[in-house]
Amino acid sequence: MKRYLHSLFEKASSRLEYLKDLTLHFEIPPNADFGDLSCNAALLLSKKLKRNPRALAEEILSNLEIDKSIIFKAEIAGPGFINFFYTPAYANGIIKKILLGGDSFGRTNKFEGKRANVEFVSANPTGPLTVGHGRNAVCGDTIANLLEWVGYKVDREYYFNNAGRQMRVLGDSVRLRYLELLGDEIQFPDDYYQGEYIKEIAEDLKREYGDSLRDEPAEGKFKNKAEQEIFADIEKTLSSIGIKFALFYNENTLYQDKKIENLLTRLKEKNLSYEKDGAVWLKFSELGNEQDKVIVKSTGEPTYRLPDIAYHITKFERNYDLIIDLFGSDHNATYPDVVAGLQALGYDTTKMKVLIHQFVTIVENGEIVKMSTRKANYITLDELVNEAKADVVRYFFNMRNISSHMNFDLALAKKQSDENPVFYLQYAHARICSILKMVSEQKLIASTDNLHLLNTEVELQLVKKLHQFSEEILKSALQYEIHHICVYLEELASIFHKFYTFCRILGAEKDLAEARLALAGAVKIVIKNGLNVLGVNAPETM
RNA sequence: GCGCCCAUAGCUCAAUUGGAUAGAGCAAUAGCCUUCUAAGCUAUAGGUUAGUGGUUCGAGUCCACUUGGGCGUACCA
């Protein structure tokens with residue numbers, strides 16, 4: 001429909017000069033009295049042309065050659081909006097399109113042939129994933145889904161580091177717990193990993209090797225075993241909420257492949273780095289950032305910025321058209337340096353999109369739970385999934401704008417209460433499935449032959465809501481804002497539940513029943529496809 | 001101190017490049033199951049969009065300041 005309206009304005013612009021360099025926006029008005037689509041062109045132009053907006057609207061409207069079979073009414077309202085009203089015949093056409101499109105209705109090929117890389121989670125294997133990681137995991141996966149729905153070929157990627165101080169401490173934590181199991185007296189430092197899982201890993205080692213690891217260094221079997229077991233758990237947790245990564249990129253390979261070394265050379269050649277106090281510094285201040293930062297410590301060890309830049313270079317070398325990083329807000333100070341570095345080296349950073357999500361505040365019994373992997377003070381994602389079900393967890397994280405600070409009330413999540421609207425959506429889907437089962441025993445078959453019989457208020461509303469789905473997908477994908485899908489689905493389900501209450505199928509006259517059946521079938525497809533994007537199941541019964 | 005993010009109904013959150021009467025769910029109150037699943041529907045109530053000023057035809061949205069919170073601000077990642 002928007003395409004049609006654009007073409008109308010296109011034609012009119014041959015007579016009205018001022019329409020030529022205007023980017024038109026059609027939006028869905030807040031109120032049905034204002035039509036199905038609304039255009040604020042006159043309001044925008046009135047400022048530029050210094051003319052009365054309503055008069056401008058009159059002039060524009062009289063120059064539009066509207067096809068009455070598509071739009072039966074177009075009128076000026078309020079300060080100068082032009083409101084368009086669809087004919088029911090046009091509106092009903094969407095039902096056929098949806099039934100025809102089926103599982104892929106809503107997909108577009110806008111970005112066909114393009115490749116995207118979405119990096120998310122990227123937690124180092126030092127402990128189980130927490131509820132805090134859940135938001136990153138779910139949102140990242142859903143963004144990847146959305147990109148696939150608009151045509152991208154998407155690689156989900158997990159970046160991790162199994163070297164460095166954190167991992168040394170991890171290995172030594174396991175070593176101490178192992179010695180403890182052998183009966184040694186140990187001093188377990190406060191800043192070591194306190195979690196029970198460390199003891200479990202130590203037990204596994206004892207079972208496997210007996211006491212033969214007494215003189216094993218922390219960074220040998222202890223660290224390796226820890227990494228291996230923790231990573232296995234992380235993958236299992238992710239898989240329990242339907243997330244599977246195509247690629248795991250280990251920071252170590254950057255050293256093995258000499259990418260760090262090469263990067264240092266390039267930075268030096270470009271005169272972007274210098275030595276001071278025995279360390280290597282990068283001239284971030286010259287690149288527009290706050291201050292110069294150390295990239296190689298005086299000990300010879302790189303800081304995280306250097307491998308981060310090297311890592312992103314590999315993404316550019318792998319020729320992605322779109323590179324997405326999803327981080328928690330604790331990274332908001334680090335990514336500008338990485339971007340600046342890449343840009344200085346000549347990479348097209350407009351291909352990159354860094355998304356920052358705000359933290360989840362865990363609330364239990366009215367108190368805020370502070371989480372720390374080190375102190376073993378956390379609630380794992382596993383616990384949450386076990387108690388609240390994967391669908392609830394996914395929906396909960398999907399339904400909020402990632403830039404909003406969200407509270408997660410554990411008690412509520414565990415209760416599986418109506419607080420979580422995912423049931424509302426799933427219930428709508430289950431109700432439709434139930435109807436379909438019923439009618440198959442009768443002699444009713446969904447038909448699009450008599451859609452004009454769908455003429456009650458709620459039926460028309462439902463049809464018009466269906467029109468918006470494809471656009472919601474596209475808009476959400478372009479803005480990387482997944483919560484729009486949830487808002488849309490809740491609105492759709494709400495109208496459907498009204499329809500279910502007021503528009504009976506069984507018992508209605510045959511032609512009407514079959515038309516309503518077609519409408520219900522279309523709603524089922526859209527709800528299922530929407531939930532599919534969110535990674536949430538659409539159950540047939542509840 | 002400085003930087004980024006945030007503040008909307010009792011609670012959790014929406015609000016389409018700045019647009020029309022700020023909307024949902026939960027909680028509350030009052031109704032609706034002999035008829036396709038009541039995890040549903042209907043109705044009522046709930047707001048100085050943290051505060052003050054500014055920009056303009058028009059501000060929850062943009063700007064300035066104030067207040068309150070989150071995250072950063074390392075030769076940690």
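Proteins come first, then strands; the chains are lettered A, B, ... in the order of their sequence lines, and each starts at number 1. Not measured: the values here are computed from a predicted model.
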Donor-acceptor pair present, A:Ser298 side chain and B:C75 base, under 3.5 Å: yes
Distance between C1' atoms of B:A74 and B:G68 (Å, rounded): 29 Å
Tell me whether the side-chain N or O atoms of A:Asn401 pair up with the base of B:A15 as donor and acceptor below 3.5 Å, since no angle test is needed here. no
Between B:C4 (P) and A:His331 (NE2): distance, integer Å: 19 Å
Is A:Tyr500 stacked on the base of B:G40, meaning ring centres closer than 5.5 Å and planes within 30 degrees of each other? no
Between A:Tyr395 and A:Gln426, is there a side-chain donor-acceptor contact under 3.5 Å, judged purely by atom types and distance? no
Should the side chain of A:Thr303 and the base of B:A77 be counted as holding a donor-acceptor pair, with the cut-off at 3.5 Å? no
Considering every strand and a 4.0 Å limit on heavy-atom distances, what is the contact class for A:Ile295: base, sugar-phosphate, or nothing? nothing
In whole Å, measure the gap between the C1' atoms of B:U8 and B:G60 for me. 7 Å
Check whether any side-chain N or O of A:Arg516 sits under 3.5 Å from a backbone N or O of A:Arg504 as a donor-acceptor pair, and report yes or no. yes
Assign each of A:Ser46 and A:Asn31 to its nearest nucleotide of RNA chain B by heavy atoms, then name whichever residue's nucleotide is nearer the 5' end. A:Asn31
Going by modelled atom types, is there a donor-acceptor pair between the base of B:U73 and the side chain of A:Asn332 at under 3.5 Å? no
Strictly below 4.0 Å: does A:Arg305 bring a side-chain N or O up to OP1 or OP2 of B:A77? no
hbond_proxy A:His405 side chain to B:C5 base (donor-acceptor, 3.5 Å cutoff): yes
Under 3.5 Å, is there a donor-acceptor pair linking the side chains of A:Tyr274 and A:Asp292? yes
Rounded interatomic separation in angstrom, taking CZ from A:Phe502 and C1' from B:U35: 15 Å
A:Glu490 CD - B:A24 P separation (whole Å): 12 Å
In this structure, how many angstroms lie between the C1' atom of B:U12 and the CD atom of A:Gln358, rounded? 17 Å
Centre-to-centre under 6.0 Å for A:Phe34 and A:Phe81, is that the case here? no
Give the dot-bracket line for RNA chain B from 5' end to 3' end: parentheses for intra-strand Watson-Crick or G-U pairs under 3.5 Å, square brackets for crossings, | for inter-strand pairing, dots for unpaired. (((((((..((((.....[...)))).(((((.......))))).....(((((..]....))))))))))))....
Counting only heavy atoms not in A:Lys283, do more than 12 fall under 6.0 Å of its NZ? yes
In whole angstroms, the gap separating P of B:A14 from CD of A:Gln468 amounts to 19 Å
When all nucleic acid strands are considered with a 4.0 Å heavy-atom cut-off, which category describes A:Asn407: base, sugar-phosphate, or nothing? sugar-phosphate
Would you say A:Lys297 reaches B:C76's phosphate, i.e. side-chain N/O to OP1/OP2 under 4.0 Å? yes
How far, in whole Å, is B:U49 from B:G23 if one measures between their C1' atoms? 12 Å
Would you check if the side chain of A:Ser440 reaches a backbone N or O of A:Lys437 as a donor-acceptor pair within less than 3.5 Å? yes
Test item: A:His467 side-chain N/O and A:Ala91 main-chain N/O as donor-acceptor pair under 3.5 Å: yes
B:A15 and B:G47: how far apart are their C1' atoms, nearest whole angstrom? 14 Å
Residues 327-336 of chain A side chain polar contacts: donor-acceptor under 3.5 Å, at least two apart:
residue  : atom : partner  : partner atom : Å
A:Asn332 : ND2  : A:Ser329 : O            : 2.8
A:Thr334 : OG1  : A:His331 : O            : 3.1

When rounded to whole Å, the CZ to P distance for the pair A:Phe359 and B:G69 reads 19 Å
In whole Å, I'd like the distance from the CD1 atom of A:Ile435 to the C1' atom of B:U35. 13 Å
Would you call A:Phe34 stacked on B:A20, i.e. ring centres under 5.5 Å apart with the planes less than 30° off parallel? yes
With syn defined as a glycosidic angle within 90° of 0 and anti as everything else, classify B:C33. syn
Whole Å only: how far is the CD atom of A:Glu27 from the P atom of B:U16? 9 Å
Apply salt bridge (charged side-chain N to carboxylate O under 4.0 Å, His left out) to the pair A:Lys315 and A:Glu119, showing each step before the final yes or no. CA-CA 10 Å; A:Lys315 294 189 193 176; A:Glu119 184 208 327; 2.8 Å; yes
What's the gap between B:C6 and B:A14 when it is taken at their C1' atoms, as a whole Å value? 15 Å
B:C71 and B:A28, which share atom name P, separated by this distance in whole Å: 33 Å
